[in-house]
Structures are given as structure tokens and as C-alpha cells.
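Since the structure comes first, as C-alpha cells, the remarks are kept for the end.
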Amino acid sequence: MPERPSIDGIEAPIIEQWDRDGLYRFDRSKRRDEIFSIDTPPPTVSGALHMGSVFGYTHTDCIARYQRMRGREVFYPMGWDDNGLATERRVENFFGVRCDPAVPYDADFEPPATPPKDKLPISRPNFVALCQRLTEEDELAFKALWTRLGLSVDWSLEYATVGVRSRRQSQRAFLRMLARGEAYSTEAPTLWDVDFRTAVSQAEMEDRDHPGAYHRVAFPRVDGDGAIEIETTRPELLASCVALVAHPDDARYRPLMGTSVRTPLYGVRVPVVAHGLADPEKGTGIAMVCTFGDTTDVVWWRDLDLPLRALIGRDGRFGPATFGAPGWESADPAAANEAYAQIAGKTVRQAQAVVVDQLRTAGALVGEPTPIRHPVKFYEKGERPLEIVTSRQWFVATLRMRDRLLELGGQIDWRPPHMEHRYRAWVEGLNTDWSISRQRFFGVPFPVWYPVRADGVADYAHPIVPDEDRLPIDPSSDLPPGYDAAQRGIPGGFVGDPDVMDTWATSSLTPQIVGGWVDDEDLFERVFPMDLRPQGPEIIRTWLFSTVVRSELEFGVLPWRHAMINGWVLDPDRKKLSKSSGHVTTPMGLLEEIGSDGVRYWAAKGRPGTDTAEDMGQMKVGRRLAVKVLNASRFVLGRLGDAAVPGVDAATAPIDRDLLTELASVVDEATAALDRFDYARALEHTESFFWRFCDDYVELVKARAYGERDDDDARSARAALGTALSVLLRLLAPFLPFATEEAWRWSHADSIHSSGWPTREELAEGAPHGVLDATSWVLGAVRREKSAAKVSMKAPVASVVVHGPAARLAAIDAARGDLLEAGAIDRLELADGDDAVDVELAGSSAG
RNA sequence: GGGCGCUUAGCUCAGCUGGUCAGAGCAGCUGGUUUACAACCAGCCGGUCGGGGGUUCGAGUCCCUCAGCGCCCACCA
């Protein structure tokens with residue numbers, strides 16, 4: 001035991017010891033009902049390390065440590081989410097490269113020392129290698145942080161979402177969905193990011209307020225006089241207009257239903273149709289339907305069985321079109337083609353300016369454009385509005401599962417409960433199946449090939465699939481059964497699916513990946529369905545939702561019983577992620593400065609679902625608590641000497657039994673709170689009692705416990721001190737794993753984290769008699785008097801006269817000796833009367 | 001447009017099924033240093049619990065309503 005205990009630097013040796021002892025190693029011999037399994041979120045390693053990274057993970061660790069001390073075998077894995085766009089984008093910027101599948105593989109490739117201004121095109125294998133190189137470094141940084149934070153994960157269970165296991169499970173689960181008809185591919189309008197050049201799922205898109213303008217455009221009638229005026233924010237899409245649509249009940253347009261108009265500039269005849277989604281209040285009450293300007297267009301196109309005139313390509317530019325050709329019939333093909341030639345090849349933005357000019361010249365623009373701001377769909381990581389392009393994509397049929405998914409959501413134990421609303425709102429609002437294919441390079445490939453027909457076109461309706469035991473495969477280099485390499489890409493041969501899976505298509509399988517589904521059924525049965533899914537609120541609609549989907553499709557059950565949703569970390573000014581402060585907090589720096597226990601304390605104060613400001617003050621309070629734990633432990637244990645702590649039965653003095661009885665209630669409360677994932681409340685109760693223990697109880701009994709005497713009274717105090725300390729350390733262990741471990745090891749050979757969670761049975765039975773309370777009350781009055789007189793707390797007191805009800809006076813009398821010594825009191829009188837404590841300091845002339 | 005959450009001392013937050021619930025920590029102020037702890041200890045100051053209405057013997061605690069803040073969802077011409 002050190003002379004002057006310090007929490008600085010205690011982490012490293014303790015972590016080493018834990019590692020040597022294999023303290024957190026999962027024991028797979030345990031039965032399912034003895035196991036507590038956690039579906040840990042794999043952090044996106046390409047993201048920066050920030051305080052949000054330590055916040056939620058600390059909560060999970062507090063629960064894990066509690067369950068472990070309760071005797072459960074804790075299955076606590078850690079993974080890294082390293083696939084996906086975030087990594088690709090980061091690799092592109094970090095190395096100054098971009099992936100170009102047409103570039104041949106260069107075995108000796110090394111990225112330039114400094115990233116070139118123009119990104120260097122490199123092959124897909126080289127690109128993937130760089131992705132892996134960068135994420136490996138990221139993963140080491142994360143692992144160092146988690147370790148230092150004291151997460152009690154079993155590092156032998158580490159995995160990566162792009163690793164072999166993840167690829168195998170992703171491909172296996174996909175093939176099974178395909179076989180069951182739950183996954184399908186189709187050519188369909190798809191939300192598309194023109195910069196990333198990939199499909200985007202409903203879950204990945206967000207609304208942004210974006211400037212635009214209403215343009216009023218007149219469509220001349222074909223079978224009548226005059227024109228119909230519509231308003232649009234996307235006049236550049238006029239060439240892909242396929243109809244005008246108004247509400248069926250709108251009296252203004254009802255007579256026009258079934259008639260036709262011609263598009264300005266292009267002279268294409270389009271019908272006037274009715275649909276309930278048309279809003280009579282908006283614009284002129286009648287809208288132009290284009291293929292496609294927004295998701296409503298898709299609905300109209302589908303519901304009304306309108307023709308397709310798609311023009312915007314995957315690069316976000318207008319593609320070729322021939323007016324006069326079938327499907328593009330025009331009153332004046334030559335003029336139409338001339339008009340269109342001026343926007344072909346242009347971006348949406350450039351085209352809009354051109355078309356507006358053309359419309360104005362043609363006299364079809366009514367008035368001038370009216371600027372507005374309106375919500376526009378963006379990919380959440382994108383910079384330009386999403387377009388809708390037609391492309392072949394893989395989907396999982398989630399729409400038809402909606403009712404079952406809602407039912408399952410109702411069976412999850414949500415913490416906090418109101419988080420179910422987010423899930424429910426999302427499921428109820430689903431309007432497309434889950435799109436899982438992405439036109440990217442660094443990810444899990446779809447494990448399918450397609451036969452190439454004699455005409456050179458791939459036969460998507462009949463994919464060729466590998467046997468499961470071959471997985472994982474890459475269809476771009478591996479061969480389908482029965483084909484040889486020379487047949488790749490030629491008529492009569494085959495072609496591999498070029499796409500990779502969306503990140504969520506893999507991470508939705510985390511229980512299967514960590515649990516060893518199929519590969520290790522013995523393990524899987526011991527940990528699945530899992531107990532706890534901890535995660536952030538922003539990925540309820542993605543990770544949580546998709547995990548439920550996959551578990552339902554594969555097993556027909558929920559993947560876990562409890563979902564604990566953490567809140568946001570706000571910057572010290574309570575604004576999210578403001579960069580104005582300039583001072584960017586790095587978690588590792590804080591852990592080194594404050595100590596891991598202090599940072600954990602701050603995190604553990606944040607309840608599930610509650611946003612929490614980054615608060616250096618709270619962390620310092622936690623640090624102080626950790627220091628106090630060491631000092632109090634040293635005092636209690638040090639003075640007990642080498643003699644063993646007397647058993648709890650030796651605690652016979654009323655105030656000692658009182659302490660232990662009250663502590664038993666704290667154990668009950670903390671246990672109940674942790675059982676319902678309210679770690680913050682458990683900490684609060686324990687902390688508050690711990691300070692009372694230090695400030696009042698220890699002060700009151702230290703003379704008796706450590707004085708000259710060695711009688712029953714002294715042994716009673718020592719028994720209570722030793723017992724209470726042991727219980728308090730264990731109650732604090734899930735929150736302050738380092739300080740409690742340090743103190744515990746002064747008197748134990750084993751780790752506190754493998755010791756048992758304290759129970760009421762270890763402590764005194766019976767109701768408290770108010771001895772500690774009443775005595776503390778008098779001691780407080782004495783301290784107040786000394787403070788007011790500005791004298792030392794050790795200043796002698798001539799006399800104390802206590803008035804109060806008889807029961808309380810009796811309680812005080814029971815601890816008379818302790819009180820006299822702790823307060824340096826010469827004479828103590830107890831008398832009936834209204835509550836009052838009259839204190840007369842020694843040498844004071846006043847009464 | 002719909003939904004969810006929040007609004008309690010200067011700051012960060014507790015207040016679980018309505019009756020010692022008006023609390024804690026930080027900050028501030030006043031004191032105290034040498035036998036656990038000065039990165040400490042003791043004490044003090046400080047709030048008509050966002051506004052308004054209602055239910056009740058009694059309401060931060062339940063209901064209605066308004067306001068502000070935050071978040072989620074939305075078919076956005």
C-alpha cells in the first residue's frame with residue numbers, strides 16, 4: 001500500500017494485470033442462462049475519435065462489469081466497422097487516389113508521398129489494400145482508446161466488418177435470403193448520389209433546406225384552346241415530362257382530365273391525369289410529372305402507369321435523347337432535338353439556366369421565377385441533391401414485413417422506453433424495400449454471377465450462386481461452378497455482379513458474426529438471442545432496424561431482449577458539434593489528464609437517451625471521487641493493520657449496525673437500478689452514501705476503531721469499517737474500475753471485478769435506529785458553530801446541549817462516546833424539547 | 001405537416017407509483033493546513049420547479065393549453 005496513493009498512472013499496470021489474468025476472456029462452457037451477451041456497436045473507424053465515442057461505450061461497460069460481478073459470464077466482443085463510403089472517401093483524400101476498375105493491378109504500387117492535387121487513378125485491388133492499410137491504423141487507435149478507458153471487452157473476439165468472417169456471414173445470409181425469395185434485384189428508379197455515383201437507401205437520405213425557385217410554365221392544350229400553367233422548381237426536367245397531374249376533386253381541372261397538352265420546347269404530347277397526392281394548394285394546383293424529379297414522381301409514375309423518359313445519367317448529366325423516336329414522339333422533332341442539344345451533357349444546374357432561357361424566348365415562361373427555400377433530398381454524406389436514376393439494385397423485401405416488424409419492436413425492452421417511437425415511426429413510414437447494393441469498391445461483394453446470353457446481355461433473372469462452403473468469394477476474380485476464366489464477360493460465358501453490399505447489410509448481422517452462426521453453432525446457441533444491444537439514437541432506423549429484419553428473416557426471433565439507447569454528447573455550450581470553441585477535445589488526452597475513472601464518471605452520469613454536455617467539471621468530480629476512494633481505502637485498511645477484518649457479526653455497536661443496515665438499502669437500490677439499466681442512479685446512490693461514510697461515519701468512529709483500546713467496541717467499529725469499505729468498493733467498481741481495483745488489491749489477491757456483487761446478506765439485518773442520522777445531525781451543528789466562530793474543527797467544545805424527541809436523544813446517547821471524540825466535546829447534555837443543538841465552545845465567553 | 005423529448009438554484013443535472021422533494025455537484029463566499037485526503041476539509045449564500053388554467057385535502061410530480069429549445073419522421077410540384 002503506497003504512502004501517498006495517486007490515481008495518476010494507475011491504469012497501465014492494472015490493464016496489464018487484467019490482460020495477464022485473462023479476466024475478461026469469455027468462458028464458452030457456460031450455459032445460455034448463465035451468460036450475458038452484448039451486441040457491441042462496431043464503431044466506424046474512419047470517423048474521428050471524439051467524446052461521443054467514449055460516452056456510450058462507457059455505459060455498456062458499466063452494465064457489463066455489473067453483470068460480471070453478479071456472476072454472469074459476459075460475452076462482450078468488439079468489432080470495427082471499416083467498410084463503406086466513409087473509408088473510401090477518407091482513403092481518397094488521405095492518399096490522393098481514386099479507384100478506377102479499368103486500371104490494371106500493380107503489385108508494387110505505393111501511394112505518392114504527398115497526395116497529388118489531381119487524384120491518381122488506381123486499380124480496385126490496390127484501392128482496397130489502401131483501405132485496409134488505413135483502417136488498420138484507425139483500429140489500433142480505437143483499441144488503444146477503449147483499453148485505456150477500461151472497457152472489459154474480450155479482445156479475442158475482435159472482428160472487422162470487412163474481415164473474412166463478416167464477408168462469409170454476409171454472403172451466406174444473402175444467399176439464404178435469395179433462396180427464400182426475400183432478396184431480389186430489379187431495375188428500378190433509385191435514389192442516386194451523382195458525386196459518389198452510388199445508390200442511396202431511404203435510411204441514408206436526409207432533407208436539407210435548399211434554395212430554389214418556382215417557375216411557372218404554360219403547356220398549350222392539344223384538344224382545346226389556351227394552355228395549362230404549372231409551377232415547377234425543376235424546369236430543366238421538362239424534356240422528361242410524362243404527364244400533368246391534379247387532384248381528382250379539384251373542380252378547376254376535373255373537366256380537363258383525359259385531355260392532353262404539349263410540352264413547351266419539345267412538343268411532346270402528355271396526358272392530364274388525376275391522383276390523390278396532387279395538392280390543390282400547391283402552385284397552380286396541377287403539377288408536371290417527370291421521370292424523375294423527386295420521389296413523388298416515382299409514385300405517380302408507378303400508380304398511373306406512365307411512360308418512362310429518363311434522361312439524367314449516373315454522372316448527374318443529361319444523357320442522349322432522340323425526339324421523334326418511339327416513346328419520344330414530338331409535334332416538331334427537329335425543333336425538339338435542337339432545343340435538347342443545348343442541354344445534353346450538361347449538369348442539372350447548367351441545364352436549368354439554359355432551359356429557363358429557352359422557355360422565356362419561346363414565351364412559355366409565365367412571369368419570372370420566384371425564389372423559394374424548400375426541403376430537398378440529400379445523401380447524408382453528399383454535397384449535391386440526390387437524383388433518381390434507373391438502375392439495377394438488390395433489395396430486401398421489408399415492406400411486406402411491416403406488421404411483424406412493428407410487433408417485434410413492441411417486444412424489445414427499450415431504454416429509455418420512448419425510443420420505441422423512433423423505431424415505430426420509421427417502420428410505419430417505410431415506402432420502399434431496403435436497398436442493399438452499392439456501386440462501390442471497398443465492401444462485401446454480392447456472391448453471384450450471371451450467365452451472359454448469346455446477345456452479350458447478362459441474364460439477371462438467373463443468377464449463378466456458389467456453394468456456401470466456398471464463402472467468402474469475390475465474383476470479380478473467383479469463377480462460378482462449371483465455367484473457366486476465359487468465359488468471363490463473353491457471350492455464352494458469365495459475368496460477376498459488380499456491386500458491393502451496403503454497410504448495414506453486413507453490420508445488421510453483428511450477432512451472427514460474433515456468435516459464430518453456422519460456423520460455430522455451439523457458441524451461437526450459447527449467446528443468441530443476445531441480451532443487450534447498446535447504440536446511438538441516430539442509427540435506430542439503420543442498424544437497429546436492419547438487425548431486427550435479419551434476425552426475423554433468418555430465425556423468426558428478436559436478436560436481443562434489451563436495447564439501450566444513449567444520448568448525444570453536446571459541447572460545453574450545449575450546442576452539438578460547434579467548432580467555434582476552437583478547443584477540440586481528444587478523448588485520449590482527457591483520459592491522460594483526468595484519469596480514466598474521472599471520464600467514466602462523467603459518462604456514467606448521463607442516463608440512457610439523455611443528451612449530456614461535455615463537462616470538464618463533472619470529470620474532475622469523478623477524478624476526486626476516485627482519489628477519495630484510494631485515500632479512504634488506505635485509511636481504513638491501513639489502520640486495520642495486518643489483522644484480518646473482523647467479521648460482520650462483530651459489528652455490535654448501534655451506530656455501526658446502523659451504518660451497515662443503511663448500506664444494505666443502498667445495495668438494494670443500486671442493484672435494482674442496474675438491473676433496469678439505470679446505471680446513473682446506481683452511481684448516484686452509491687456515491688452519495690460513500691461521501692456520507694467518509695465525512696460522518698469514519699470521522700465519528702475513527703478514535704474508537706484505531707485508538708488504544710482493543711475491546712469489543714473497537715472491534716465493532718473495525719468490522720463495520722472493513723465491511724462497509726468492501727461493499728462500497730464493489731458498488732463503485734463498475735464505474736471506477738481502476739481506483740477500486742487498485743484499492744481492492746491492497747487486501748485481496750484477486751481482482752475486484754471477479755469478486756461477487758455485494759448483497760444485503762453480507763450486511764446487518766434489521767431497520768436502522770437513526771443513530772448515524774442523529775449523531776451526524778449533532779456533529780453538523782458543532783461543525784457549523786466552529787465554522788461560524790472561525791476556529792479549527794479540532795477546537796474543543798465546552799458543552800453541547802441537544803433538544804429533541806426522546807427517541808432521537810436515545811439514539812444520540814447510543815453513540816455518545818464517538819460523538820464526544822469526533823467533536824472534541826467535553827460535556828454532552830440531552831434534554832426533551834423542540835429540535836435544537838446549543839453549542840458552547842471552550843474559551844468562548846458567549847453562552 | 002406529424003411525432004418524441006426537454007424547460008427545477010449563475011452552470012450541469014437528480015427528484016422512481018402526487019403528501020419532510022424544494023435536492024446534489026460545480027461556481028461564488030467564509031473559514032480551517034502538519035497523524036486518510038490542500039488535485040483536501042468544514043460551513044454559508046442561492047430557486048415563487050418555463051407561462052396560464054384544471055383535477056385533488058394536497059402537484060416539479062397527474063390533465064389541458066401556450067411559449068421556447070432540441071431531435072426524429074414526412075410524397076418537397
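Residue numbering restarts at 1 for every chain, and letters A, B, ... go by the order of the sequence lines. Predicted, not measured: the structure shown is a model, and the values here were computed from it.
Side-chain nitrogen and oxygen atoms of A/Arg784 include none within less than 4.0 Å of the OP1 or OP2 phosphate oxygen of B/C45. Here A/Arg624 reaches the OP1 or OP2 of B/C40: one of its side-chain N or O atoms lies under 4.0 Å away. At the phosphate of B/A36, OP1 or OP2 sits under 4.0 Å from a side-chain N or O atom of A/Lys702. The phosphate of B/A39 has neither OP1 nor OP2 within less than 4.0 Å of any side-chain N or O from A/Lys628. Of the side-chain N and O atoms in A/Arg541, none sit less than 4.0 angstrom from OP1 or OP2 of B/C71. In this structure, A/Asn631 does not reach the B/C40 phosphate: none of its side-chain N or O atoms is under 4.0 Å from OP1 or OP2. Put simply, A/Gln618 has no side-chain N or O that comes within less than 4.0 Å of OP1 or OP2 on B/A24. Applying the 4.0 Å criterion to OP1 and OP2 of B/A77, one finds that A/His374 has a side-chain N or O inside that range.
Taking atom P in both B/C49 and B/C11, one finds a spacing of 16 Å when rounded to whole Å. Separation of the P atoms belonging to B/A67 and B/C26 is 39 Å when rounded to the nearest angstrom. Distance check on atom C1': B/U55 versus B/G70 gives 31 Å, rounded to whole Å. Remark: the separation of the P atoms in B/A38 and B/A42 is 13 Å, to the nearest Å. B/A77 and B/G60: their C1' atoms are spaced 48 Å apart (whole Å). Taking atom C1' on both nucleotides, B/G47 is separated from B/U7 by 14 Å, rounded to a whole Å. Across the P atoms, B/C45 and B/G2 are found 49 Å apart, a figure rounded to whole Å. Comparing B/G18 with B/A39, their P atoms are spaced 47 Å from each other, to the whole Å.
Judged by closest nucleotide on RNA chain B, A/Arg607 is the one of A/Arg607 and A/Glu538 placed further toward the 5' end. Toward the 5' end of RNA chain B, the nearer of the two residues A/Trp300 and A/Thr610, judged by each one's closest nucleotide, is A/Thr610.
Counting non-hydrogen atoms under 4.0 angstrom, A/Asp678 reaches nothing in the nucleic acid. Across all strands, A/Lys790 comes closer than 4.0 Å only to sugar-phosphate atoms, never to a base (heavy-atom distances). Note on A/Thr296: only backbone sugar-phosphate atoms sit closer than 4.0 angstrom, heavy atoms only; bases stay farther off. Contact annotation for A/Val621: backbone-only contact, meaning every heavy-atom pair under 4.0 Å involves sugar-phosphate atoms and none involves a base. Nucleic acid contact class of A/Glu699 (heavy atoms, under 4.0 Å, all strands): base. Nucleic acid contact for A/Ala278: base, since at least one base atom lies under 4.0 Å from a heavy atom of the residue. As judged by a 4.0 angstrom heavy-atom cut-off over every strand, A/Arg234 is placed among residues making no nucleic acid contact. A/Asp8 comes within 4.0 angstrom of a nucleotide base, judged by non-hydrogen atoms across all strands.
Among the nucleotides B/U12, B/A74, B/A77, the one closest to the side chain of A/Trp426 is B/A74. For A/Arg422, whose side chain is taken as the heavy atoms from C-beta onward, the closest listed nucleotide among B/G25, B/G32, B/C72 is B/C72. Checking B/A38, B/U35, B/A42 against every side-chain atom of A/Arg783, the shortest atom distance belongs to B/A42. With B/A77, B/G25, B/A42 as the candidates, the nucleotide lying closest to the side chain of A/Thr233 is B/A77. Relative to the side chain of A/Cys694, the nucleotides B/C75, B/A36, B/G31 differ in distance, and B/A36 lies closest. Looking at the side chain of A/Tyr214, the nearest of the listed nucleotides B/G25, B/A39, B/A77 is B/A77. Comparing atom distances between the A/Ala613 side chain and each of B/A74, B/C13, B/A38 picks out B/C13 as nearest. Here B/A36 is the nucleotide among B/C4, B/G43, B/A36 with the atom lying nearest to any side-chain atom of A/Ala632.
When the P atom of B/C26 is taken as reference, atom CZ of A/Arg623 falls 15 Å away, rounded to whole Å. Straight-line distance from the CG atom of A/Asp611 to the P atom of B/C6: 11 Å, rounded to whole Å. Nucleotide B/A77 holds its C1' atom 8 Å from the CG atom of A/Asp297, rounded to whole Å. In this structure, the CG atom of A/Leu625 is 18 Å from the P atom of B/C37, given to the nearest Å. Whole-Å rounding puts the A/Ile540 CD1 to B/C4 C1' distance at 11 Å. A straight line from CG of A/Leu630 to C1' of B/C40 spans 14 Å, rounded to a whole angstrom. Distance CG (A/Asp615) to P (B/A24): 18 Å, rounded to an integer number of Å. Protein atom CG of A/Leu399 is 15 Å distant from nucleotide atom C1' of B/C75, rounded to whole Å.
The partner of B/G47 is absent, by the rule that a Watson-Crick or G-U pair needs both atom distances under 3.5 Å. Base pairing of B/G25: its partner is B/C11, meeting the Watson-Crick or G-U wobble criterion (both donor-acceptor distances under 3.5 Å). Across all strands shown, B/G1 forms a Watson-Crick or G-U wobble pair, both distances under 3.5 Å, with B/C73. When Watson-Crick and G-U wobble pairs are counted only if both distances are under 3.5 Å, B/U61 pairs with no nucleotide at all. Using the Watson-Crick or G-U wobble rule with both distances under 3.5 Å, B/C6 pairs with B/G68. B/U34 is unpaired under the criterion used here, namely a Watson-Crick or G-U wobble arrangement in which both key atom distances are under 3.5 Å.
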Yes or no on ring-ring contact (aromatic ring centres under 6.0 Å, His included) for A/Tyr379 and A/Trp192, after CA distance, side-chain angles and deciding distance? CA-CA 8 Å; A/Tyr379 174 42; A/Trp192 189 268; over 10 Å; no
Determine, stepwise, if the pair A/Leu359 / A/Val217 fulfils side-chain contact (heavy atoms from CB on, under 4.5 Å). CA-CA 8 Å; A/Leu359 286 171; A/Val217 179; 3.9 Å; yes
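Between A/Asp696 and A/Arg783, at least one side-chain nitrogen of the basic residue sits less than 4.0 Å from a carboxylate oxygen of the acidic one, meeting the salt-bridge criterion. We find that A/Glu662 and A/Arg692 are joined by a salt bridge, their nearest charged nitrogen and carboxylate oxygen being less than 4.0 Å apart.
Few gaps surround NZ on A/Lys381; more than 12 heavy atoms of other groups in view lie less than 6.0 Å from it. Around CZ of A/Arg349, the count of heavy atoms belonging to other residues, nucleotides or ligands within 6.0 Å does not exceed 12. Atom CZ of A/Arg373 sits in a crowded spot, with more than 12 heavy atoms from other residues, nucleotides or ligands closer than 6.0 Å. In this structure, A/Asp834 places its CG atom where only 12 or fewer heavy-atom neighbours from other residues, nucleotides or ligands lie under 6.0 Å away.
A cation-pi arrangement is not found for A/Arg422 relative to A/Trp414, the charged atom failing to lie both closer than 6.0 Å to the ring centre and inside a 45° cone about the ring normal.
For A/Arg681 against B/C16, a side-chain-to-base donor-acceptor contact under 3.5 Å is present.
Classification of B/G70 as anti follows from a glycosidic angle more than 90° from 0.
Under the ring-ring contact (aromatic ring centres under 6.0 Å, His included) criterion, A/His59 pairs with A/Phe55, A/Tyr679, sequence neighbours left out.
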